Structure formats: C-alpha cells, structure tokens
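Everything numeric here is computed off the predicted structure, so don't read it as measured data. All ligand and atom numbering here is 1-based and tracks the order in the structure.
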Amino acid sequence: MDIRIAVLGGDGIGPEVTAESVKVLDAIERRFGHTFSFVMGACGGRAIDEFGTPLPEETLDIVKGSDAVLFGAVGGPKWDDPQAETRPEDGILALRKGLDLFANLRPVKVYPQLIDASPLRPERLDGVDMVIVRELTSGLYFGKPKKRWTNSRGRTAVDTLTYREREIDRVARVGFEIARLRRKRLHSLDKMNVLETGRLWREVVTEIGAEYPDVELIHMLADNAAMQMVTNPAEFDVVVTENTFGDILSDEAAVIGGSMGMLPSASLSAIPKPPNSRRPRRAGKRALYEPIHGSAPDIAGQGVANPIASILSTAMMLRYSFALEDEANSIENAVAAVLADGLRTPDLATTLGGAIGTSDMGDAIAGRVRG
Ligand code: IPM
Ligand code: MG
C-alpha cells in the first residue's frame with residue numbers, strides 16, 4: 001500500500017515521540033512491503049510563534065492531502081496566559097472539529113509486566129481491558145455561547161453544553177459496534193440526574209441499544225463511574241461518554257495500567273466496521289492518531305519521554321485507517337515483547353537506574369518489528 005501520513009509533532013515531547021513512531025513505521029514498511037511517506041506540519045504553540053496561529057493554512061493543506069494524521073501533543077507554560085488571544089490547544093480542537101473526528105477511542109490495557117507501576121493493588125488489575133469511546137466534537141468544548149465579559153457585578157464566563165440527537169446517536173453506535181467485537185458490554189456514562197443533555201443522552205443510547213440486543217447496555221452516572229473505575233476496573237469493557245467526562249475519565253483510566261505514557265488513541269470520522277464484515281473496516285477518510293498524554297513540558301527535550309503511547313497510536317492507525325491488521329498486531333506484539341525484556345522508560349521504572357531513553361525504546365520496538 002502507498003500511504004501518505006501527515007506528522008504534526010506539536011510542542012514539548014510531541015515531536016520526540018512521533019519521531020519514534022516514524023521509526024517503527026519505517027520498520028513496518030520494510031517488513032511488509034508498504035510505502036509510507038511522511039509530511040511534517042507545524043501545529044500548536046510553535047506554530048503560534050512562527051505563523052501566529054496554532055493551525056496554519058499550510059498544515060491544513062498537508063492534512064487534507066494525507067491518508068491519516070499522526071499527532072504528537074500541544075501546549076506548554078509559554079502559551080498559558082489565560083488572556084491569550086489564541087492557544088496551542090485551539091489547533092487540535094480545530095482539527096477535531098474541522099475533520100469531524102467525532103469518535104475518540106482510548107483503549108486501556110494493563111500489561112502484566114507493568115503491574116508494579118500501577119497505583120492500584122495488583123488484585124484489582126486482573127482482567128482490566130477497556131476501551132473508552134469519547135465523543136470529541138461537541139459538548140462543552142464547542143457549544144456556543146463561549147465567552148467572558150465584565151460588568152458592574154464583576155467578571156463572568158460561560159461555556160455551553162449542547163448535544164444533538166445525531167451526535168449522540170453516531171458515537172453510541174461506535175460504542176456498540178466495538179463492544180460487539182469484544183466482551184459485548186457497553187457502559188454509557190451521563191449525569192442524567194442533573195443535566196438535560198444527560199437525559200437526552202440516556203434516552204438516545206437506550207434507543208440505539210434496541211438495535212444491538214447482543215450487547216449488554218449499562219447506564220451509569222459519570223461520578224459513580226469515576227469511583228468504579230479505580231475500585232472495580234475489570235468490570236468495564238467498552239465505555240461511551242460525552243466529551244468532557246471522557247476527557248477526565250480517560251486520564252483516570254490511563255494511569256491504572258501504570259503510566260499515561262502507554263495510552264494511544266484514535267479519532268475517527270466514521271463508525272468502524274469489523275474486519276470480516278463485507279463493509280471494509282474503514283474509519284472514514286479522515287482520522288487522527290495521538291497519544292492521550294500531553295506535551296509534558298517538564299521533561300521535554302531530555303530524551304526521556306515514553307514513546308509507547310505514540311507508537312501504539314500508529315498501530316491503531318494501521319488497523320482503523322488501512323485495515324492492516326497483521327501490521328498493527330506486529331507493533332503491539334513488539335511493545336509487549338520489549339516490556340517483557342525488561343526495557344523501561346523512566347515513567348515505567350520502579351527502581352532507580354536502568355531506565356532507557358525515548359530513542360532507545362523506539363529502536364528496540366522497531367528492531368522487534370523487523371524481526
Ligand atoms: C486530551 C487533551 C485535550 C482535551 C487538550 C490538549 C485540548 O486533554 O486529548 O485529552 O482536553 O481534549
Ligand atoms: Mg485530556
């Protein structure tokens with residue numbers, strides 16, 4: 001296959017980890033005989049510095065001319081002034097909205113080799129394997145009005161939480177389709193006890209559920225889910241929820257496995273279909289893959305960031321955008337193998353000393369992929 005990938009490294013550790021992903025994709029290319037071409041684009045804070053905008057026109061053109069986007073991370077203290085006109089995060093938000101990437105898949109897996117690095121007791125980690133499906137293009141992030149003003153009573157700010165039926169419908173279907181391929185259990189999280197949007201959410205998800213009688217649907221309040229996720233994480237298979245709850249809960253779920261540095265994500269513009277279905281497992285022409293961790297400015301430039309979340313994001317890319325299941329598996333197996341070999345970046349190391357850097361971890365995984 002001839003595949004064009006837009007690489008937007010962004011800020012902080014973003015460019016460091018995406019460089020390792022490119023390394024691993026080079027190894028895939030050689031082993032499986034594909035041709036990948038990579039086109040780099042500016043995004044985030046560095047793009048603000050250079051072009052005055054976090055998502056320059058040229059970057060958008062690169063994205064539009066590509067088959068998929070590999071994204072790093074954006075943001076940092078340099079651009080954190082609350083009064084700033086434009087923020088690095090506006091770049092990724094504009095991409096999500098502009099490409100209609102409504103479904104964000106965040107798989108949470110516990111590697112047996114990393115149990116020591118988890119903040120939870122080992123007995124709670126047995127059987128933990130879930131996918132959070134986060135709605136990504138609506139809710140508080142994008143609702144209008146969104147503004148602040150000052151008058152005689154002081155300063156006021158407003159964000160708006162809106163959900164339309166079709167927005168809930170399509171992301172719920174993603175949850176059900178994925179649950180169908182797994183343990184056939186879907187938790188849908190909302191705050192129907194307080195929010196009007198939560199009541200609509202519950203109603204619509206229940207209706208879609210009737211089309212998926214083979215999937216067990218469990219409604220849960222989002223705050224309760226936050227508690228269950230650390231007391232009983234193995235209960236969850238697929239979790240579908242709105243944008244803000246998904247943002248918060250996926251950070252919580254991410255550390256269950258030991259480090260946020262391990263969690264990949266896929267942002268899709270269509271409902272993925274199973275590989276054996278007549279309809280190809282296409283994620284839509286537009287899709288973006290990024291680690292869920294941020295730009296980690298505190299460790300940027302030191303060569304110590306864990307590249308695994310980004311590397312696993314490329315496995316999701318091969319699977320969801322290009323239906324290259326064997327290639328995706330070979331990356332995931334390579335990651336498991338280097339962990340079994342005892343290789344650890346500092347975020348995963350439980351003892352002082354012996355940890356390896358970003359580039360060595362990338363080399364080791366690429367080496368395993370080449371076989
Ligand atoms: C995430 C991040 C983003 C979000 C930020 C960087 C805008 O936290 O992808 O989870 O809030 O969605
Ligand atoms: Mg987040």
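The Mg ion (ligand 2) has an N, O or S atom of Asp247 closer than 2.8 Å.
Under a 4.0 Å heavy-atom criterion, Arg106 is in contact with ligand 1.
Counted by atom type alone, His293 and Ser259 present zero donor-acceptor pairs between their side chains at under 3.5 Å. Between Arg368 and Asn333, the side chains place no donor N or O within less than 3.5 Å of an acceptor N or O (distance only, hydrogens not considered). Side-chain contact annotation: Glu57 with Thr59, donor-acceptor N/O pair under 3.5 Å absent. With 3.5 Å as the limit, one finds a donor-acceptor pair spanning the side chains of Tyr289 and Ser321.
Not one N or O of Glu290 is nearer than 3.5 Å to an N or O of ligand 1, by distance alone. For ligand 1, the polar-atom distance check against Tyr141 finds a nitrogen or oxygen pair separated by under 3.5 Å.
When atom types are taken as modelled, the side chain of Asn104 and the backbone of Leu268 share no donor-acceptor pair closer than 3.5 angstrom.
At a heavy-atom distance under 4.0 Å, only side-chain atoms of Arg134, from C-beta outward, approach ligand 1. Neither the backbone nor the side chain of His293 comes within 4.0 Å of ligand 1, counting heavy atoms alone.
Nearest protein heavy-atom contact of atom 5 (C) of ligand 1 is Glu89 CG, 4.3 Å. Summary of contacts: the protein heavy atom closest to atom 10 (O) of ligand 1 is Asp247 OD1, 2.9 Å.
For Phe176 against Gly209, the heavy-atom pair with the smallest separation is CZ-CA, 3.3 Å.
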